[in-house]
Structure formats: structure tokens, C-alpha cells
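First up is the structure itself, then whatever we jot down about it.
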Amino acid sequence: MSSTIRVAVAGASGYAGGEMLRLLAAHPLAEVGAVTAHTSAGSSLGEHQPHLRSLSHRVIEPTTPEVLAGHDVVVLALPHGASGEIAARLPGDTLVLDLGADHRLTDADAWRAFYGSEHAGSWPYGLPELIVAGDGSGWTAGRQRDRLRGATRIAVPGCNVTAVTLGLQPGIAAGLIDPADIVAVLANGYSGAGRSLKPHLLASEGLGSARPYAVGGTHRHVPEIVQNLRVAGAPDVRLSFTPTLVPMARGILATATAPLAAGIDPAAAAQAVREAWATAYAGEPFVQLLPEGQWPSTGMTQGANTALVQVAVDEAAGRVVTVTAIDNLVKGTAGQAVQAMNIALGMPEASGLDAEGVAP
């Protein structure tokens with residue numbers, strides 16, 4: 001492979017595809033190849049992504065294996081269920097990054113239950129900071145990035161999943177929280193719902209209003225969160241997960257709580273809890289535990305591939321409370337894909353990525 005990699009992006013007219021192109025345009029070791037889509041094929045990219053000035057003249061091509069072939073990397077920013085067939089027709093030595101859900105789950109029954117179609121198979125999971133507990137299968141305790149080196153197929157995690165997983169996993173791995181009673185409530189920007197023209201996504205409906213969705217355990221990210229926490233060492237996970245659309249374009253603020261593990265005194269747990277989170281993320285370039293007393297906000301992460309985390313112990317309730325902020329389109333999607341791509345290809349993990357947010 002040459003020093004510069006050529007990257008094709010399928011689904012270039014959507015939010016995730018557009019964010020991927022924004023990051024690739026500034027990547028020192030990447031060159032944007034084909035940009036493709038379905039209904040917008042034949043139009044200029046500038047009609048759909050007018051902020052991408054350096055790429056605005058590019059013509060969107062049809063999303064076919066023939067157009068995507070011949071690149072070092074192919075990014076599939078496609079609707080759920082659409083990636084499997086295309087990926088199967090791409091060369092085995094091409095690095096394929098699936099931004100959709102098709103290849104995230106290892107449990108085919110969970111896929112069928114939540115997505116209603118046949119499972120396309122599992123790929124290496126693209127959350128580099130995921131804690132991998134020793135499971136007797138040949139992998140010792142470590143991080144998921146170790147499984148991404150040299151990979152040619154990577155499933156990029158869901159955005160809500162990323163926020164909840166990063167918030168809770170240190171407590172799981174350290175045995176400090178009981179994963180049988182996890183409650184997560186999220187505030188989500190509207191870009192997480194995609195670019196479809198639906199009445200409830202119109203500005204006149206969303207401005208000044210907060211709206212829950214996929215309530216009662218029906219959200220498709222539930223089995224993926226459970227899967228991750230089990231990888232981190234949880235023997236059993238029970239999760240109540242409620243996302244809420246709030247009037248902002250991008251960002252996720254995830255508040256997740258769980259009881260302290262049996263035998264841990266709430267009045268004496270604060271130091272051990274903080275040390276566990278600090279140890280888990282020491283040296284991580286894109287996941288940071290904030291100083292005590294400072295709480296994350298979505299504005300702090302806007303435009304950055306950063307997850308900001310804070311943790312506290314609610315002594316009266318006997319629960320650990322975590323709050324995690326990410327930009328759903330960067331660390332929650334495209335930035336995470338670039339991070340995983342860098343690792344897979346042996347490039348510096350932070351290439352083309354920024355840890356600094358945009359304010360105000």
C-alpha cells in the first residue's frame with residue numbers, strides 16, 4: 001500500500017457520510033476516492049454537503065461494488081441491512097468500514113429480534129477503547145484496539161452504544177457496579193435520526209421540544225450495549241435504555257447509573273470508583289475523565305473525536321452515576337471509523353482526528 005490511502009465513501013449524501021468526508025479531507029495520509037449514493041447519484045456533492053468546499057465539485061456515483069472496488073478503504077455509510085450484500089462483493093484485502101449496524105452483533109438471534117432480518121455475520125468491533133476481559137478464548141484482558149490491527153472488515157459501533165459503554169465499562173471491569181440493574185437515559189441531537197424527511201424531524205416540531213423514542217427496551221442499540229458490557233466482564237446485564245431527542249443538531253449526553261456491587265459501602269466508595277475510571281482511561285487519547293466537580297456537556301465535544309466522562313457515587317441511592325458526552329457524528333460515528341481505520345492500517349491512531357471541541 002502506498003503512503004497515501006484512497007478511500008471511497010458510500011452514502012456520501014447523508015450525515016454520517018458527510019462527516020466521514022469532512023474528516024478524510026483533512027487526513028494527512030488519506031485521499032478521497034469515489035463518493036457514492038443511491039437516489040442522489042449524478043448530482044454534485046456540493047448540492048448535498050455544501051460545507052465540504054474542497055469536495056463540492058465531485059459528482060456522486062452510484063453505489064455499486066464496481067465503483068467501490070480498487071480503493072484501499074471503503075466506507076459504507078448506508079441504511080441498516082444494506083451493507084452486507086455490497087461488502088460480500090468487495091475484495092477481501094480491502095479495508096471495509098461499516099458505519100451501519102449490519103455486522104456489530106455477535107448474536108444472530110438478537111439481530112433478528114431487533115432488526116427483523118437475517119444476520120449478515122460479525123466483524124471485528126471498532127471501539128478501540130472497549131475493555132476486553134479475559135475469557136479463556138486466547139484473549140487476555142486488554143483493549144479492543146488489539147483486535148483491530150490488520151483487520152480488513154470493521155463494524156463501527158452505534159453512537160448511543162459508544163456513550164453508554166464508555167461511561168459504564170470501568171465499573172464493570174473493576175467489579176464495582178452491579179450490571180443487573182443499569183438505567184441509561186440519553187439526550188440526543190437530531191442528526192442521530194438521519195436525514196430522512198419525516199414530520200417529527202422537522203424544525204417546527206423539534207424546536208423547543210424534547211421527545212423520547214424507542215421506549216421500553218425496543219431501541220436497536222440495546223443488544224449492542226449489553227454485548228459490550230459482557231465483553232468488559234459483566235456476567236449478566238439488565239438494561240433500561242431511554243433515548244430522547246432534544247433540540248440540538250448533534251451531540252449525545254448519556255446519564256447511566258447502576259448499583260454499587262454487593263458488599264461495597266456507599267459512604268466509602270467514592271475514591272475507589274474514581275480511581276477505577278481514572279485508571280481505565282489513563283493514556284487514552286480520546287476518552288477523558290474530567291476533573292472532580294466538572295460535568296460534561298455536548299458543547300464541549302462538538303466537532304471532536306472526544307468522549308468526556310464524569311462519575312460520582314450517590315450515597316443515598318447506593319448507585320454509581322456516570323455522565324458521558326460525545327459528538328454523535330464524530331466519536332459516535334465517523335471519527336471512530338477513522339480511528340479504527342488508522343489502527344487497522346498501522347497509522348498513528350490520532351491521524352486526521354481532533355480532540356479539541358468547537359465553541360461556542
Side-chain angles (χ1 to χ4, degrees), residues 97-111 113-115 119-151 153-184 217 219-241 254 256-258 261 276-277 279-284 286-287 289 307 309 311 320 322 324 326 331-333 336-337 339-340 343-344 349:
L97 303 167
D98 186 3
L99 273 56
D102 292 26
H103 302 95
R104 297 172 185 163
L105 297 182
T106 58
D107 186 337
D109 290 336
W111 172 270
F114 279 83
Y115 290 89
H119 189 222
S122 301
W123 290 358
Y125 190 72
L127 179 54
E129 300 90 354
L130 177 64
I131 297 172
V132 180
D135 58 5
S137 66
W139 286 99
T140 56
R143 297 300 166 108
Q144 182 66 13
R145 61 169 50 87
D146 298 329
R147 301 184 178 189
L148 298 178
R149 296 186 176 97
R153 298 290 188 270
I154 294 176
V156 178
C159 53
N160 296 312
V161 180
T162 297
V164 175
T165 299
L166 294 176
L168 288 171
Q169 66 169 358
I172 297 286
L176 291 172
I177 63 175
D178 178 2
D181 182 17
I182 294 172
V183 177
H219 197 285
R220 289 172 168 179
H221 285 174
V222 167
E224 191 180 341
I225 297 170
V226 171
Q227 175 177 286
N228 286 354
L229 297 183
R230 286 176 174 162
V231 169
D236 186 34
V237 180
R238 294 180 62 191
L239 169 68
S240 174
F241 173 84
T257 78
W277 266 255
T279 299
Y281 295 131
E284 285 292 347
F286 297 116
V287 184
L289 177 67
V309 183
V311 62
V320 171
T322 72
T324 305
I326 64 171
K331 184 55 178 168
T333 309
Q336 190 140 259
Q339 188 180 347
I343 295 169
E349 186 171 336

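Count residues from 1 along the sequence. Note that the structure is a prediction, hence the values are computed from the model and not measured.
- The OG1 atom of Thr162 sits 5.5 Å away from the CG atom of Leu127 when rounded to the nearest 0.5 Å.
- The distance from the OH atom of Tyr281 to the CD atom of Glu129 is 7.5 Å, given to the nearest 0.5 Å.
- For Arg149, the CZ atom is densely surrounded, since the number of other residues' heavy atoms within 6.0 Å is greater than 12.
- A heavy-atom distance below 4.5 Å is found between the side chains of Lys331 and Leu166.
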From CA spacing to verdict: side chain to side chain contact (heavy atoms under 4.5 Å, CB included), Glu224, Leu105 | CA-CA 6 Å; Glu224 191 180 341; Leu105 297 182; 3.9 Å; yes
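- In this structure, the separation between OG1 on Thr106 and CD on Gln227 is 4.0 Å, given to the nearest 0.5 Å.
- The two residues Ala151 and Pro124 come nearest to each other via the heavy atoms CB-CG, 4.3 Å.
- Ring planes of Phe241 and His219: perpendicular class, angle over 60° (limits at 30 and 60°).
- With contacts defined as side-chain heavy-atom distances shorter than 4.5 Å, the pair Glu349/Arg145 qualifies.
- A donor-acceptor pair under 3.5 Å is absent between the side-chain atoms of Arg104 and the main chain of Tyr125, judged by distance alone.
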Can Val231 and Leu130 be said to form a side chain to side chain contact (heavy atoms under 4.5 Å, CB included), step by step?
-> CA-CA 8 Å; Val231 169; Leu130 177 64; 3.9 Å; yes
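- Taking both residues in full, the closest heavy atoms of Pro170 and Ala276 are given as CB-O, 4.0 Å, listed atom of the first, atom of the second, then distance.
- What you find for Val132 and Arg147 is that their closest heavy atoms are CG1-NH2, 3.2 Å.
- By the 4.5 Å heavy-atom criterion applied to side chains, Ile343 and Pro128 are counted as neighbours.
- Atom-to-atom distance recorded for Arg220:CZ and Trp111:CH2 is 7.0 Å, nearest 0.5 angstrom.
- Under the 4.5 Å side-chain criterion, counting only non-hydrogen atoms from C-beta, Trp123 is not in contact with Asp102.
- Taken to the nearest 0.5 Å, the CD atom of Gln169 stands 4.0 Å off from the CD1 atom of Ile131.
- Atom CG of Leu168 is separated from atom CG of Asn228 by 11.0 Å, given to the nearest 0.5 angstrom.
- With contacts defined as side-chain heavy-atom distances shorter than 4.5 Å, the pair Leu176/Val320 does not qualify.
- When side chains are defined from C-beta on, Trp277 counts as touching Thr322, because their heavy atoms get closer than 4.5 Å.
- By the 4.5 Å heavy-atom criterion applied to side chains, Asp236 and Arg230 are counted as neighbours.
- The minimum heavy-atom distance linking Ala337 with Leu99 is given by the pair CB-CD1, 3.9 Å.
- Of all heavy-atom pairs spanning Thr324 and Ala307, the tightest one is CG2-CB, 4.4 Å.
- Nearest heavy-atom pair, Gly126 versus Pro157, reported as atom, atom and distance to 0.1 Å: O-CD, 3.3 Å.
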Where do Ile177 and Ile172 land on the side chain to side chain contact (heavy atoms under 4.5 Å, CB included) test, with the steps shown first?
-> CA-CA 6 Å; Ile177 63 175; Ile172 297 286; 3.9 Å; yes
